Engineer: 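The following block contains the structure, expressed as structure tokens.
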Amino acid sequence: MLTQELRQSVSDITELNQLKSALNHLPAVDAGDYIAELPAGRRAIAFRLLNKAQAIDVFEYLPPEVQEELINSLQDVQVCQIVEAMEPDDRAALFDELPAGVVKRLLLQLSPEQRQATATILGYPEGTAGRVMTTEYVGLRQGLTVGEALSKIRRSDGDKESIYYAYVTDDSRKLVRVVSLRQLLFSLPEALIKDIASERVIKVRTESPKEEVAQLMKRYDLIALPVVDREDRLVGIVTIDDVIDILEEEATEDIQKLAGVSGGDEGALSPPQVTLTKRLPWLLGVMALYIGAASAIAPFQAVIAHVPVLAVIMPIFSNTGGTVGIQALTVTIRGLGVGEVTPLDTPKILRKEILAGLGTALCLGVTLILLSLIWTAPQERWVGFVAGLVMAMNVLVAVTLGTLLPMAFKRLKLDPALISGPLLTTLLDAVGFMLFLSIISFSLNVLHLQP
């Protein structure tokens, strides 16, 4: 990790030869972080100080916008060498971020083999296993012996992204077995691959969602997962580093969507205009929702004026109910996201939430009653009991909606994280305020209770 102390020590170097030595001795990811944080005019200078091998490694760790900037500033020969040496899946991810004209130019400069590998990956829809896989894998024929297999791996597979598993195919390239490097190393050289390889192969299809890939690899503790086409032919593998990126991306997206950030991909150091475009649409939408909630309150202005203590009670009532709803919503979305639960588990989850909600409702309702008794005059104390009752009811509504809404979205094949926290809290405010003020109004006008 590029610590602040290390970053400062590199930044203090003013002599280019010393800086070149420092950057080439840093881990590639740390050198990438350092270059990415430099002013735009200095990035290309620092990148040119890297030797060829270090430059290829560092380039893959740079943010897409910095990669594009360097492609435009470096000579075509340098760019071609770097892009040619990238892993096919990383190259495809880079091309996703570049303008179409630049991608076309870079594709023409690739070797036929790498051009075909990249085109294959780019041909699959975004968000699928085919789009995040690499075509660099160790493949073996089942008729080989262990000795022949190890010789083949040493001779032609040294540059593969992952060699910990070898995938055994038949003459039609159909995936039939898998064997680990450990099994190969500790088997007799004359043993046949088909005798030591496992027929129990965990695999995904090219069109499988990338979230499913991550869940399978997590469930079975895999460091690579084979990807097959509709005819069961092996076309690539997804490696553990890609899965870590998928999980980070999904977690970031879900967290930001829950907070109402459009797209779910705003970075902490994003430019102000990006922050504005990501947040403002949701804020305007939430404002529109709050107008709806305010419209529910508007008919009761006379009631609020008649019972001023309502202005003190209502914010507590609103914020607490919204927080309860977000807690249930977050736990449910997380369970769906990691594959812990499915919509079929809705009755069990709802029962658990309601049972816990009953205890929460009782505690919060009693607390609000006690607070209201402190703030209200003796003739207004009935208002506190109404507030406590409605608080308890609102808590039960909150846990119910926080469970059922994401489950319904999942069943409809929509992203449950689309149900943001602001959306749920606004809905609860409208329902709670309407119920609370309606009961207060009924008590004043029909039961003739005095404020």
Side-chain angles (χ1 to χ4, degrees), residues 127 209 211-212 214-215 247 249-266 278-279 281-297 314 317-361 364-365 390-436 438:
E211 296 83 3
E212 180 184 330
Q215 290 170 9
L247 293 174
E249 177 186 329
E250 290 300 311
T252 300
E253 184 177 342
D254 287 349
I255 290 170
Q256 293 192 357
K257 280 183 178 178
L258 281 171
V261 178
S262 302
D265 56 356
E266 178 191 336
K278 294 291 183 183
R279 299 182 187 179
W282 273 100
L283 294 175
L284 292 174
V286 169
M287 181 178 288
L289 291 172
Y290 270 114
I291 291 173
S295 299
I297 301 174
M314 288 171 63
F317 171 82
S318 167
N319 291 334
T320 307
T323 301
V324 171
I326 289 176
Q327 287 177 335
L329 180 71
T330 303
V331 171
T332 304
I333 289 178
R334 183 261 175 194
L336 289 170
V338 301
E340 182 181 353
V341 296
T342 70
L344 296 177
D345 298 307
T346 301
K348 292 189 292 186
I349 300 171
L350 187 59
R351 183 173 66 251
K352 182 266 293 186
E353 288 290 350
I354 289 178
L355 289 174
L358 286 171
T360 304
L364 294 179
V390 177
M391 167 68 85
M393 295 171 63
N394 206 39
V395 166
L396 295 177
V397 172
V399 297
T400 302
L401 290 178
T403 301
L404 293 181
L405 286 177
M407 287 296 185
F409 270 54
K410 186 70 173 180
R411 188 175 289 275
L412 294 172
K413 301 189 183 303
L414 299 173
D415 186 355
L418 291 172
I419 310 166
S420 68
L423 176 63
L424 181 61
T425 54
T426 306
L427 181 61
L428 289 171
D429 285 349
V431 173
F433 288 154
M434 178 70 76
L435 181 62
F436 182 41
S438 294

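All residue numbers in this chain count up from 1 along the given sequence. Note that this is a predicted model, so its numbers are computed, not measured.
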Engineer: For Q215, what residues pass the side chain to side chain contact (heavy atoms under 4.5 Å, CB included) criterion, not counting sequence neighbours?
Structural biologist: none
Engineer: side-chain contact (heavy atoms from CB on, under 4.5 Å) with R351: which of I349, L355, I354?
Structural biologist: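 Answer to the side-chain contact (heavy atoms from CB on, under 4.5 Å) test with R351 among I349, L355, I354: L355.
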Engineer: So, using side chain to side chain contact (heavy atoms under 4.5 Å, CB included) as the criterion, who are the partners of L336 when residues are at least two apart?
Structural biologist: T332, V341, P343, P406, M407, K410, P416
Engineer: Please collect all salt bridge (Lys or Arg N to Asp or Glu O under 4.0 Å) contacts where either partner lies in residues 318-335, sequence neighbours excluded, each pair once.
Structural biologist: R334-E340
Engineer: If you measure from CZ on F433 to CE on M314, what distance do you get to the nearest 0.5 Å?
Structural biologist: 4.5 Å
Engineer: When rounded to the nearest 0.5 angstrom, what distance separates CD1 in I333 from CD1 in I326?
Structural biologist: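 Those atoms lie 10.5 Å apart.
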Engineer: Applying the side-chain contact (heavy atoms from CB on, under 4.5 Å) test to V324, which of L329, N394, L364 qualifies?
Structural biologist: L364
Engineer: Quick check: closest heavy atoms across E353 and A328, and the distance to 0.1 Å?
Structural biologist: OE1-CB, 4.0 Å
Engineer: Tell me, please, which residues at least two apart from D429 pass side chain to side chain donor-acceptor pair (under 3.5 Å).
Structural biologist: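 Side chain to side chain donor-acceptor pair (under 3.5 Å) check on D429 returns S318.
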Engineer: Sequence neighbours left out, cut at 3.5 Å: what donor-acceptor pairs do the side chains of residues 395-402 make with other protein atoms?
Structural biologist:
| residue | atom | partner | partner atom | Å |
| --- | --- | --- | --- | --- |
| T400 | OG1 | L396 | O | 2.7 |

Engineer: Locate the shortest heavy-atom distance separating A361 from A392; write the atom from each residue and the value.
Structural biologist: CB-O, 3.5 Å
Engineer: Listed by chain and number, what are the side chain to side chain contact (heavy atoms under 4.5 Å, CB included) partners of V431, not counting sequence neighbours?
Structural biologist: none
